[in-house]
There are 2 protein chains.
Amino acid sequence: MPEQDTPQLIKETARKLFQEKGFSATKTRDIAQTAGINLALVNYYFRSKKQLYDVIMLETIEHFMAGMLQILNDTSTSIHEKLENFVSSYINLLRQNPEIPLFMLNEFSQHPQEISAKVPFFKEIKQSVFLQQFEAEVAKGNFKAINSLHFMLNVASLTIFPFIAKPIVQNVLQVPAPDFDELMQERKKYIPLWIKNMLWVK
Amino acid sequence: MPEQDTPQLIKETARKLFQEKGFSATKTRDIAQTAGINLALVNYYFRSKKQLYDVIMLETIEHFMAGMLQILNDTSTSIHEKLENFVSSYINLLRQNPEIPLFMLNEFSQHPQEISAKVPFFKEIKQSVFLQQFEAEVAKGNFKAINSLHFMLNVASLTIFPFIAKPIVQNVLQVPAPDFDELMQERKKYIPLWIKNMLWVK
DNA sequence: TTTCGTTTAAAACAAATGTTTAAAACAATT
DNA sequence: AATTGTTTTAAACATTTGTTTTAAACGAAA
């Protein structure tokens, strides 16, 4: 028998709705009705819609960042291994939560300074072992000397964007869901190779 | 003296607001107040907020697609030239309208079938000369034999994603606006090279 | 069983929000 | 100047929406 943890039920229902439709389009009555609970309970447990949203947004970002820094700061792996681990781990995450990137990017787009202040650990990427290793490879002449921001943007772009574009790929380009999923699986292998080919000095 | 074309004024004000905050978060009174016109005029000229939104969304997508098919179907250019033209032209467009991708992607994410039905010309990419040339290069053994969807996704990802991530790059990674702009300029040259390096058979 | 703190429910409230109405202002035509 | 069609305005309307209130239901402790 599933034990009824009301605040948890509210949070999970709200998370789904907020991620699907955004803050303004999600109504407190939607949340209550979808969760099958009384309207007043949303405010009873979370004081306001905005506070509920903030909790969910922070948890989402933490969830999204959780494994990232560990992979990028692992001193026992090479940059190539980190690249493979990062891409593979994130494609797995995004296959299960394809709505997260758009949800987060909308928040950063609409309240950049507020949300940036709340997630300081995002900055740690800049000082990560991963980026130090990248700079080292550049210094050794193994990688082409591009701004490390290009490097980061390329990895993030190739990994994340296809999931944001998923509705276009599936509905406009008519790619069936299983095919899309297989493509994303393939990218686990491809992206690290592509990145290396992009940067390799020949 | 700027002649007062009220419907145009409403449309441009609403476009800015819708693209910034989305449909639900934009209130008709926002539009009226920002445009400096009477509230009733929104409904007088566009019947409803939803119809105004639909007009703007369609115009935005048309604006976004306008030059694309011309470049991709130009029979007088090579695939390499098309790549350069596409990337360069789109980075220019996105530098001036960085909000368009997120605006469109949200719409596709929230109403995939409705919006897909309204923009049939999106499909034409699949039959473009650009993709035919890609397949030809693959057949000739000049390019690695990957699914053309990967190819399209890679070009789109590397070109578009950085603009979606702009608020993160600027506010979290603390990159000043002029630096960001310069990075995007650099990508006009880089992306075509990167794409070729990714695919080239060595 | 009574008591007491916690949780849930129904209803109400106040503010907001999209839309309509009806009259006034305007501009062109007769 | 009077008429006519169009545009703009102020006000009102009907819902929607976030939140609060008040009381009922519940469950554990005495």
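Any value given below was found using the heavy atoms of this structure, including those in side chains, with hydrogens, waters and symmetry copies removed. Per chain, numbering begins at 1; letters A, B, ... match sequence-line order. As the structure is a computational prediction, the values presented were derived from the model and not from experiment.
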Ion pair present between B:E59 and B:K11, side-chain N to carboxylate O less than 4.0 angstrom? yes
Check: B:E137 side chain, B:F134 main-chain N or O, donor-acceptor pair, under 3.5 Å: no
Which whole-number value in Å describes the distance from A:L9 CG to C:dT7 C1'? 14 Å
Could you tell me whether a side-chain N or O of B:D181 sits under 3.5 Å from a main-chain N or O of B:A177, the two making a donor and an acceptor? no
Would you give a per-nucleotide map of nucleotides 10-28 of chain D, 5' to 3', where B means the base has a protein non-hydrogen atom under 4.0 Å away, S means only the sugar-phosphate does, and - means neither? B------BBBBB-------
Whether B:K49 side chain and B:T26 backbone form a donor-acceptor pair below 3.5 Å: yes
Considering only heavy atoms, which members of residues 12-19 of chain A lie under 4.0 Å from some atom of DNA chain D? none
Shortest non-hydrogen pair, B:L173 vs A:F122, comes out as CD2-O, 4.5 Å
Output side-chain donor-acceptor pairs under 3.5 Å for residues 37-45 of chain A, partner residues at least two apart or in another chain, one line each.
unit_1: A:N38; atom_1: OD1; unit_2: A:A40; atom_2: N; d: 2.9

Quick one: does A:K123's side chain have a donor or acceptor within less than 3.5 Å of a partner on B:V172's backbone? no
Any ion pair linking A:E12 and A:R15 (charged N to carboxylate O, less than 4.0 Å)? no
Can you measure B:L52 atom CG to C:dT19 atom P for me and round it to whole angstrom units? 10 Å
Round to the nearest Å and state the distance from A:F46 atom CZ to C:dT8 atom P. 12 Å
